[in-house]
Q: 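Mind looking over this structure? Questions follow.
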Amino acid sequence: MPIYSSDSDNETNPQTKLFGRQRSIRSVLGGGQVADVLLWENKKVSAALSVGMTVLWLLFEVAEYNFVTLFCHISIAAMLIIFIWFTTADFFNWNPPRIPGSILDKSTFNEFAFTFHQRSNQALSKFIDIARGKEPALFFMAIFFLLMLSVIGNYFTFLNFLYICFVCLQTLPFLHNKFEDEVEMYAGKLIRQVKKMFRRFDSSVLNKIPRGPVKEKKLR
């Protein structure tokens with residue numbers, strides 16, 4: 001008996017969203033300020049975040065800066081700038097500079113933490129469903145993807161891997177949102193091809209594996 005339920009591969013079928021989602025990409029990302037940054041709707045913050053992360057990656061990975069050394073040098077430079085700034089303002093009787101007391105307001109931090117917590121739980125739930133074999137095609141695809149990722153991971157440091165993940169977060173949702181119709185069309189074709197290949201594998205290999213009779217447990 002096949003372990004995979006056959007879906008119709010007719011190209012004329014109504015197109016479904018990628019991964020079976022029913023919501024927009026903005027809603028999937030949690031909406032609010034986090035989605036604004038990932039979808040580049042708040043261009044100033046998105047650009048500043050991208051430039052900042054790129055500079056940090058260059059300093060740590062390319063220039064091989066030590067984190068403690070970099071933190072101390074940045075702190076010393078900031079203290080000197082603030083000291084000169086305030087001293088000059090007092091000497092020339094200028095208005096003292098206004099320095100914000102916080103970098104990230106509480107609501108934005110709570111929103112980011114809530115979105116991260118929600119997406120982590122959804123990812124864990126999906127992982128458990130795949131591992132239980134509810135979707136055999138995704139089960140084998142996930143194993144193949146993890147094996148490929150483990151091989152590729154040998155050629156990257158942890159910092160490089162984090163930076164690649166950040167770049168993907170800053171580019172893939174934006175590109176998907178901008179070219180959603182094209183992405184859905186080509187991704188749908190790819191998924192249908194993968195399903196066809198799995199059904200052939202199911203019928204030619206898995207279904208030919210002999211299975212013993214299922215013994216019913218005796219009630220005591």
Q: Is any side-chain heavy atom of Asn177 closer than 4.5 Å to a side-chain heavy atom of Trp40?
A: no
Q: Which value, rounded to the nearest 0.5 Å, describes the distance between Leu56 atom CG and Phe60 atom CZ?
A: 6.0 Å
Q: Taking atom CZ of Phe86 as the centre, report whether more than 12 heavy atoms of other residues, nucleotides or ligands fall under 6.0 Å from it.
A: yes
Q: So do Asn66 and Phe71 actually touch side chain to side chain, heavy atoms under 4.5 Å?
A: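 No - every pair of side-chain heavy atoms lies 4.5 Å or more apart.
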Q: Specify the closest pair of heavy atoms between Ala131 and Phe139, including all atoms of both residues, with the distance to one decimal.
A: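 So the minimum-distance heavy-atom pair works out to O-CE1, 4.0 Å.
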Q: Nearest 0.5 Å, please: how far is CD in Glu41 from CZ in Phe174?
A: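 Nearest 0.5 Å value for the CZ-CD distance: 9.5 Å.
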Q: Using every non-hydrogen atom in the two residues, find where Ser50 and Gln170 come nearest and quote the distance to one decimal.
A: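 Smallest interatomic distance, heavy atoms only, reads OG-NE2, 3.0 Å.
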Q: Starting from Val55, can I reach Leu70 by hopping between I/L/V/M/F/W/Y residues whose side chains sit under 4.5 Å apart?
A: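 As far as the 4.5 Å side-chain criterion goes, Val55 and Leu70 are connected within one cluster.
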Q: Go through it in stages, so that I can follow the logic: the residues are Met79 and Phe83, the test is side chain to side chain contact (heavy atoms under 4.5 Å, CB included), and I'd like the CA-CA distance, side-chain angles, deciding distance and then a yes or no.
A: CA-CA 6 Å; Met79 292 176 65; Phe83 173 77; over 6 Å; no
Q: Might you point out which heavy atoms bring Tyr163 and Thr54 nearest each other, and give the distance in Å?
A: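 In this case the closest contact between Tyr163 and Thr54 is OH-OG1, 2.9 Å.
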Q: Following the transitive rule for hydrophobic clusters with a side-chain heavy-atom cut-off under 4.5 Å over Ile, Leu, Val, Met, Phe, Trp and Tyr, establish whether Leu58 and Val167 coincide in one cluster.
A: yes
Q: Restricting to non-hydrogen atoms, name the atom on Thr88 and the atom on Trp94 that form the minimum distance, rounded to 0.1 Å.
A: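 Here Thr88 and Trp94 meet closest at CG2-CZ3, 3.7 Å.
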Q: Going hydrophobic residue to hydrophobic residue with side-chain gaps under 4.5 angstrom, can you get from Phe140 over to Leu147?
A: yes
Q: To the nearest 0.5 Å, tell me how far Glu182 CD sits from Leu175 CG.
A: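 The CG atom of Leu175 is 11.5 Å from CD of Glu182, to the nearest 0.5 Å.
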Q: So, the side chain of Ser125 versus the backbone of Asn121: is there a donor-acceptor pair under 3.5 Å, distance only?
A: no
Q: Looking at CZ of Phe127 and CG of Asp129, how far apart are the two atoms once the value is rounded to the nearest 0.5 Å?
A: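 That separation rounds to 11.0 Å.
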Q: Do you reckon Val151 sits in the same ILVMFWY cluster as Leu146, going by side-chain contacts under 4.5 Å, direct or chained?
A: no
Q: For a quick test of reading the model, state the closest non-hydrogen atom pair linking Leu149 to Phe161 and the distance between them.
A: CD1-CE1, 4.3 Å
Q: Rounded to the nearest 0.5 Å, how far apart are NE2 of His117 and OG of Ser120?
A: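 Spacing of NE2 (His117) from OG (Ser120) equals 7.5 Å.
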Q: Treat each ILVMFWY residue as a node, draw an edge where side-chain heavy atoms are under 4.5 Å apart, and state whether Met53 and Leu162 are in one component.
A: no
Q: Looking at every heavy atom in both Leu39 and Pro173, which two are closest together, and how far apart are they?
A: CD2-O, 3.5 Å
Q: What is the distance from atom CD1 of Ile164 to atom CG of Asn160, rounded to the nearest 0.5 Å?
A: 6.0 Å
Q: If you define the side chain from C-beta out and look only at heavy atoms, does anything of Val62 sit under 4.5 Å from Trp57?
A: yes
